[in-house]
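Read through the structure below, which is laid out as structure tokens, and then see the notes.
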Amino acid sequence: MRCLIIAEHDGQNLNTATARAVAAASQLGVEAIDVAVLAHGGQALAEQAAILEGVSQVLLLDREENAHPLAAVLAPQIAALAEGYSHLFMPSTTFGKDVLPRVAALMGLPQISDLMTVKGPHHFERPVYAGNAIIELQCPPEQPVLATVRTASFKPVGTGDAAPIETRALEIDLPGHTRFVALEADAGDRPDLQSAERVVSGGRGLGSEENFRLVEQLADKLHAAVGASRAAVDAGYAPNDLQVGQTGKIIAPELYIALGISGAIQHLTGIKDAGTIVAINKDPDAPIFEVADLGLVGDLFEIVPQLLEKLD
Ligand SMILES: Cc1cc2nc3c(=O)[nH]c(=O)nc-3n(C[C@H](O)[C@H](O)[C@H](O)COP(=O)(O)OP(=O)(O)OC[C@H]3O[C@@H](n4cnc5c(N)ncnc54)[C@H](O)[C@@H]3O)c2cc1C
């Protein structure tokens, strides 16, 4: 049995989600864990993947078309690479959720989404109903297992000796119907929400887009990523890629600070695996206090400026 993991990166750095997928693979009891890096000019990325603990080999697919990761272009390459592997894992991030279903369709196989526990090489658990129920799955051993790995459920592996890197040239035609045009990304240098160690999130309690700056200020002081509740996103205080929760991002930072967030079940689903949860809310009965490790009952517009001052 061999497992192939598709690395996630921004062209320069490997996302920690890859190291978390390796952690899941190392619980399978497979003989080898290979990581495929699909990038153009990706030698430095391949070297980052090669030192992940437990990795046996890195396959580098250095093609012009891989300069920008497009699911439609990556999926046929991954399907071609997957031959001979018993398991194919990708992190359950926006990237993995975009790419792996296409790979599964090309291979004519089903996909397991959000794998959260490895009980055996073909025996897994995954959450359903916003994490309120867990289902156990048994997969037929005769066919490859394709799964997205719930990154919040696995701690990233450390680093060790470098595994060999092999550059692969896949002689396959790639679809031309989808092309990269431009990338519009937040120019800020805040950490990525899904892999950040600290996250400060704001909710409807912030009251306006202007007031939401308070969340950003606290995040910047703590070198944290910014998150938001769905109510804050729906009200236009924050962009929707910052939404945390059932229909947003599932995250597992070491520190999560919730400002003016009530703690609806759909929001809590996204922070179940956070280390320390701090909540600031003026309502002492807000459900967020049931899960918070530290809670401050009070007006965030008084507390946060004081916190900012102290952090100076
Ligand atoms: C299918 C479905 C999927 C959903 N997915 C998500 C999801 O992914 N993520 C998500 O977040 N929600 C999701 N929701 C919505 C969720 O049910 C809640 O409506 C939402 O999380 C509420 O956001 P909130 O806590 O910011 O707002 P509210 O529930 O309105 O809470 C605002 C809080 O701010 C506090 N507050 C107000 N003023 C102050 C102040 N000055 N100082 C301190 N505290 C103050 C209030 O006491 C209150 O507790 C989903 C709902 C459904 C039905």
Side-chain angles (χ1 to χ4, degrees), residues 4-21 34-50 58-85 88-114 144 146-149 151 165-196 225 233 238-243 247-250:
L4 179 67
I5 293 166
I6 311 305
E8 179 166 343
H9 58 81
D10 62 5
Q12 259 142 35
N13 292 306
L14 219 57
N15 188 312
T16 51
T18 307
R20 292 174 189 268
D34 295 354
V35 176
V37 177
L38 289 88
H40 184 49
Q43 183 65 28
L45 285 165
E47 283 167 13
Q48 291 173 38
V58 175
L59 309 174
L60 174 60
L61 272 87
D62 196 343
R63 276 182 83 138
E64 194 77 47
E65 295 91 335
N66 293 345
H68 302 286
L70 294 176
V73 174
L74 300 184
Q77 300 178 64
I78 297 167
L81 268 186
E83 197 164 329
Y85 287 95
L88 179 55
F89 282 3
M90 287 191 75
S92 188
T93 53
T94 309
F95 175 67
K97 287 182 199 171
D98 193 15
V99 178
L100 201 64
R102 288 172 186 265
V103 179
L106 288 170
M107 295 175 72
L109 289 168
Q111 180 204 288
I112 302 171
S113 301
D114 271 342
L146 270 62
T148 56
V149 173
T151 51
I165 299 171
E166 187 190 314
T167 302
R168 285 273 174 99
L170 278 183
E171 302 298 331
I172 55 167
D173 290 334
L174 296 178
H177 53 67
T178 308
R179 279 170 295 280
F180 175 82
V181 178
L183 173 70
E184 276 183 40
D186 184 2
D189 52 7
R190 288 199 188 100
D192 167 57
L193 176 59
Q194 269 184 308
S195 50
V233 168
N240 72 353
D241 58 333
L242 297 190
Q243 186 176 314
T247 42
K249 306 237 157 76
I250 309 281

With a 3.5 Å cut-off and no angle check, do the side chains of [X] and [Y] form a donor-acceptor pair?
X: Asn66; Y: Gln77; result: yes
X: Thr93; Y: Glu8; result: yes
X: Asp192; Y: Ser195; result: yes

Between [atom1] on residue [X] and [atom2] on residue [Y], distance to nearest 0.5 Å:
X: Met107; Y: Glu83; atom1: CE; atom2: CD; answer: 8.5 Å
X: Ile78; Y: Leu4; atom1: CD1; atom2: CG; answer: 8.0 Å
X: Arg63; Y: Arg168; atom1: CZ; atom2: CZ; answer: 14.0 Å
X: Thr178; Y: Glu65; atom1: OG1; atom2: CD; answer: 13.0 Å
X: Lys97; Y: Asp114; atom1: NZ; atom2: CG; answer: 6.0 Å
X: Leu70; Y: Leu38; atom1: CG; atom2: CG; answer: 12.0 Å

Any side-chain to backbone donor/acceptor pair from [X] onto [Y]? Under 3.5 Å, distance only.
X: Gln48; Y: Leu14; result: yes
X: Asn240; Y: Val233; result: no
X: His9; Y: Ala39; result: no

Does the side chain of [X] reach to within under 4.5 Å of the side chain of [Y], using non-hydrogen atoms?
X: Val73; Y: Phe180; answer: no
X: Asn15; Y: Pro91; answer: no
X: Val149; Y: Ser92; answer: no
X: Ile6; Y: Leu88; answer: yes
X: Pro76; Y: Leu106; answer: yes
X: Leu183; Y: His68; answer: no
X: Leu61; Y: Leu81; answer: yes
X: Leu74; Y: Phe95; answer: yes

Before giving the answer on side-chain contact (heavy atoms from CB on, under 4.5 Å), spell out for Val37 and Val58 the whole-Å C-alpha distance, their side-chain angles and the decisive distance to 0.1 Å. CA-CA 7 Å; Val37 177; Val58 175; 3.9 Å; yes

If you apply the rule side-chain contact (heavy atoms from CB on, under 4.5 Å), what do you find for Gln111 with Val103, and how did you get there? CA-CA 9 Å; Gln111 180 204 288; Val103 179; over 6 Å; no

Can you list everything that forms a salt bridge (charged side-chain N to carboxylate O under 4.0 Å, His left out) with Glu47? Sequence neighbours excluded, please. none

What are the two closest non-hydrogen atoms of [X] and [Y], and how far apart are they?
X: Ile250; Y: Gln194; value: O-NE2, 4.2 Å
X: Ala49; Y: Val35; value: CB-CG1, 4.0 Å
X: Gln243; Y: Thr247; value: NE2-OG1, 3.1 Å
X: Ala72; Y: Pro175; value: O-CG, 3.2 Å
X: Gly11; Y: Leu45; value: O-CD1, 3.7 Å

Under the side-chain contact (heavy atoms from CB on, under 4.5 Å) test, which residues partner Pro239, sequence neighbours left out? Asp241, Leu242

Run the numbers on Leu60 and Gln43 for side-chain contact (heavy atoms from CB on, under 4.5 Å), then give the verdict. CA-CA 7 Å; Leu60 174 60; Gln43 183 65 28; 3.7 Å; yes

Step by step, would you call Leu146 with Phe89 a side-chain contact (heavy atoms from CB on, under 4.5 Å)? CA-CA 6 Å; Leu146 270 62; Phe89 282 3; over 6 Å; no

